[in-house]
K.L.:
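Just passing along the structure, written as structure tokens.
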Amino acid sequence: MAEASGAQGRTPLLEVKNLKKHFPIRKGILSRVSGHVYAVDGVSFQIGHGETLGLVGESGCGKSTVGKAVLKLIDPTAGEVYLKGKKISDLGQLEIRPYRRDMQVIFQDPYSSLNPRMSAGEIVGEPMYNYGLAFGKEKEEKTRQLFARVGLRAEHMLKYPHEFSGGQRQRLGIARALAVNPSLIIGDEPVSALDVSVQAQVINLMMDLQQEFKLSYLFVAHDLAVVEHISHRVAVMYLGKIVEMTDKRTLFTSPQHPYTEALLSAVPIPSPKMKRKRIILTGDVPSPIRPPPGCRFHTRCPYVMDHCKVAEPPMQEVEPGHLVACHLRQPGQALAAAAASNPALTAPAH
Amino acid sequence: MTQAQTMERPGQTVGGVEKVLEIEDLKTHFFTRDGVVRAVDGVSYHVLKGETLGVVGESGCGKSVTALSVLRLIAKPGRIVQGKIKISGRNLLELSEEEMRSIRGNDISMIFQEPMTSLNPVLTLGRQIAETIMLHQGLSKKDAWDKSVEMLKLVRIPEAERRVHEYPFQMSGGMRQRVMIAMALSCNPKVLLADEPTTALDVTIQAQILHLMLELKEKLGTAIVLITHDLGVVAETCQRIVVMYAGKKVEEATADELFERPLHPYTVGLMKSIPRLDRAATTEHPGRLMEIPGMVPSLKNMPPGCAFAPRCSFATERCRREVPAFEMKASGHYSACFNSDKVAEIYHG
């Protein structure tokens, strides 16, 4: 895709700088703050026009919180968010409304994000009314077009959410997001709840719509294969921080961060003949309430050095456009061996 | 991995290996007010001693209900209406409820997708595991408690002596699944039914748990029936695979054979509709994923003929009229499709 290179050059569609979200933990009858959950702790990225940035990580790494903080559905603790060059992170509830129209969201569970008392047609038409984009007959006509575009029939407009299957509900969620002509859609695990055969339908639809409407996506998901398929660039998160970010091809063929490497090697490949070097990480993800000092991954890292336990590795550009936060990697010194040890490429070993 | 097993039927052994669990023509139906739901409609499969069998399918295909039927845990309005479930030759469907209780846990154990809901939140882990052991193996409280600690160590829970006094909420998802495995294996069952055991877990934890299950299988010789929707998981762990669709078995083969040469259009559809990480390196920009059009039919009013016909690109008039028989298409490779030859051709072409 030609427009995918938008991150450099032009103003990016979305720019996030050092975003933080710390949730206070309150205890006792006075609700004194006894600590914080460092859900997102300094995340920066850009999304170009027509580009998809995949945000992957395991549960609790803060990937969904990033999505919500960008939309200001929750107030970020610190950091800046720019949409088309305009700083939106310090706007008030009213001032942000026009920008909200430009950023829509699709949720994981399509059922709980659709009002059960509204018909499908009303659900998709409502945002147009809210933003004063279309009324009456015009709204209905637009709704009809949207239904056709996402693969629903016109008679579905009169049905209620419970009458739809999971895949159809997700199509409804997509139609609702498209109703206000956004430039950016944030998908928070939009296909995770769907069956494999239906998942493919929704992924294809999202990719088609991107081409047609020049949409940008922030695609938050835990399924690496899905993220690989749909994204142009991918950011890997671990305990509130991005540990690696680059174009998807580089990430999946020569991962530079030990966590990315382990994550990729852990994904089961549907081919019994493919024998891979499997890196099995020990232990669980530490609690984001007390993240480990130094590099947050050091408690599970197979290459851990003493230095990692005290000093936090800075995010460095090891290759143009390839950012990694690891003490083992220096700028211009991407690990050549990584390509050779790429888990997905290793030929049958035994 | 062992090499392809030949599957002569009938009989107790296959290639000298004992069939520990045999399901024959099982039908489990749910008699709801809106009609009969044929959740499992004539399913047969077996597991050999020490083998890992994968049962694959999407939600509602009957893979879990089959497993629950094996343990006779089908609640009303459901009922096993037909079939045999044999464990070492004994038909479980003829046993009394009392006898069945001694089978559960002792001969067959089960682990579920969500370990939190299968553990009792108000009892310590030790008590829950010890309870199983005391009940099934008749050990004293002291011995059962010691065995619990031993089991926790076996599933590699760090500081097992301390952890045995903890409650489920104090553990992470991966830890809880380890506890479930410890509990399930505590009485040395012949068969472990694992229903989506890693679906709720993160991939790095999933890798740990699958690795652990296979290691324990080697050590204890337990046969595993791994029920999942994830083709990657079965490809990496199972020797033989059964694919189910709408309450029926549609294909069965060794793992190598199935992934190499799928013969049922549904299996092909499943394989082609998932994005593949191992192909990431070879393509600049991926094309569209193959879609299986439509959705799983309602089990209440199944179409006549092949249940997959309405979604199948190979379907002919015959498919919509006649139910294809489940038959052997190649050595050890079974499929229920009239067009298996064409499917194989196209998959390779």
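Reminder, nothing fancy here: chain letters follow the sequence lines and each chain counts from 1.
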K.L.:
Please lay out, stage by stage, how B:E291 and B:R311 fare under the test salt bridge (Lys or Arg N to Asp or Glu O under 4.0 Å).
P.N.:
CA-CA 10 Å; B:E291 296 176 14; B:R311 305 176 74 189; over 6 Å; no
K.L.:
Under 4.5 Å from any heavy atom of chain A, what part of B:M271 do you find: side chain, backbone, both or neither?
P.N.:
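It is neither, since no heavy atom gets under 4.5 Å.
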K.L.:
Flag the pair A:P190 / A:M206 as yes when at least one side-chain heavy-atom distance between them is below 4.5 Å, and no otherwise.
P.N.:
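With C-beta onward as the side chain, the pair touches.
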K.L.:
Count the heavy-atom pairs under 4.5 Å between each of A:V226, A:N204, A:I280, A:V198 and chain B, then report the option with the highest count.
P.N.:
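Winner by heavy-atom pair count: A:N204.
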K.L.:
By a 4.5 Å heavy-atom criterion (distance strictly below it), what part of B:P293 contacts chain A: side chain, backbone, both, or neither?
P.N.:
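For B:P293, the backbone is the part near chain A, not the side chain.
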K.L.:
Given a strict heavy-atom distance threshold of 4.5 Å, which part of A:L263 is in contact with chain B: side chain, backbone, both, or neither?
P.N.:
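Interface part for A:L263: both.
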K.L.:
Does the B:E236 side chain pair with the main chain of A:P270, one donor and one acceptor, at a distance under 3.5 Å?
P.N.:
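Answer holds: no.
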K.L.:
Which bit of A:D223 comes within less than 4.5 Å of chain B, counting heavy atoms only: side chain, backbone, both or neither?
P.N.:
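Neither the backbone nor the side chain of A:D223 comes within 4.5 Å of chain B.
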K.L.:
Should the pair A:E189-A:K63 be classified as a salt bridge under the 4.0 Å nitrogen-to-oxygen rule?
P.N.:
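Yes, A:E189 and A:K63 are salt-bridged.
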K.L.:
Chain B: which of A:R300, A:Q201, A:R278, A:H222 shares the most heavy-atom pairs with it under 4.5 Å?
P.N.:
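Looking at each of A:R300, A:Q201, A:R278, A:H222 in turn, A:Q201 comes out on top.
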K.L.:
Any donor and acceptor pair, going by atom type alone, linking the side chain of A:S216 with main-chain N or O of A:G48 inside 3.5 Å?
P.N.:
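The answer is yes, because a donor-acceptor pair under 3.5 Å joins these two groups.
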K.L.:
Is chain B contacted by the side chain of A:T282, its backbone, both, or neither, given a heavy-atom distance below 4.5 Å?
P.N.:
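It is the backbone, since no side chain atom gets that close.
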K.L.:
Yes or no on salt bridge (Lys or Arg N to Asp or Glu O under 4.0 Å) for B:K63 and B:E58, after CA distance, side-chain angles and deciding distance?
P.N.:
CA-CA 8 Å; B:K63 57 193 194 297; B:E58 295 179 283; over 6 Å; no
K.L.:
Need one label for B:Q206: side chain, backbone, both or neither, based on atoms under 4.5 Å from any heavy atom in chain A.
P.N.:
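Contact with chain A: side chain only.
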K.L.:
According to the interplanar angle, ranging from 0 to 90°, do the rings of B:F308 and B:Y266 count as parallel (below 30°), tilted (30 to 60°) or perpendicular (above 60°)?
P.N.:
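B:F308 vs B:Y266 ring planes: perpendicular.
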K.L.:
Measuring heavy-atom distances to chain B, does A:I203 have an atom under 4.5 Å in its side chain, in its backbone, in both, or in neither?
P.N.:
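For A:I203, the side chain is the part near chain B, not the backbone.
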K.L.:
Taking every heavy-atom pair that is under 4.5 Å apart, which of B:G294, B:G269, B:G60, B:G173 has the most such pairs with chain A?
P.N.:
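Highest number of heavy-atom pairs under 4.5 Å: B:G294.
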K.L.:
Give, as side chain, backbone, both or neither, the part of B:L270 having an atom under 4.5 angstrom from any heavy atom of chain A.
P.N.:
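For B:L270, the contact with chain A is made by the side chain alone.
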K.L.:
Hey, does B:M171 have a side-chain heavy atom less than 4.5 Å from the side chain of B:R178?
P.N.:
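No; the side chains remain at least 4.5 Å from each other.
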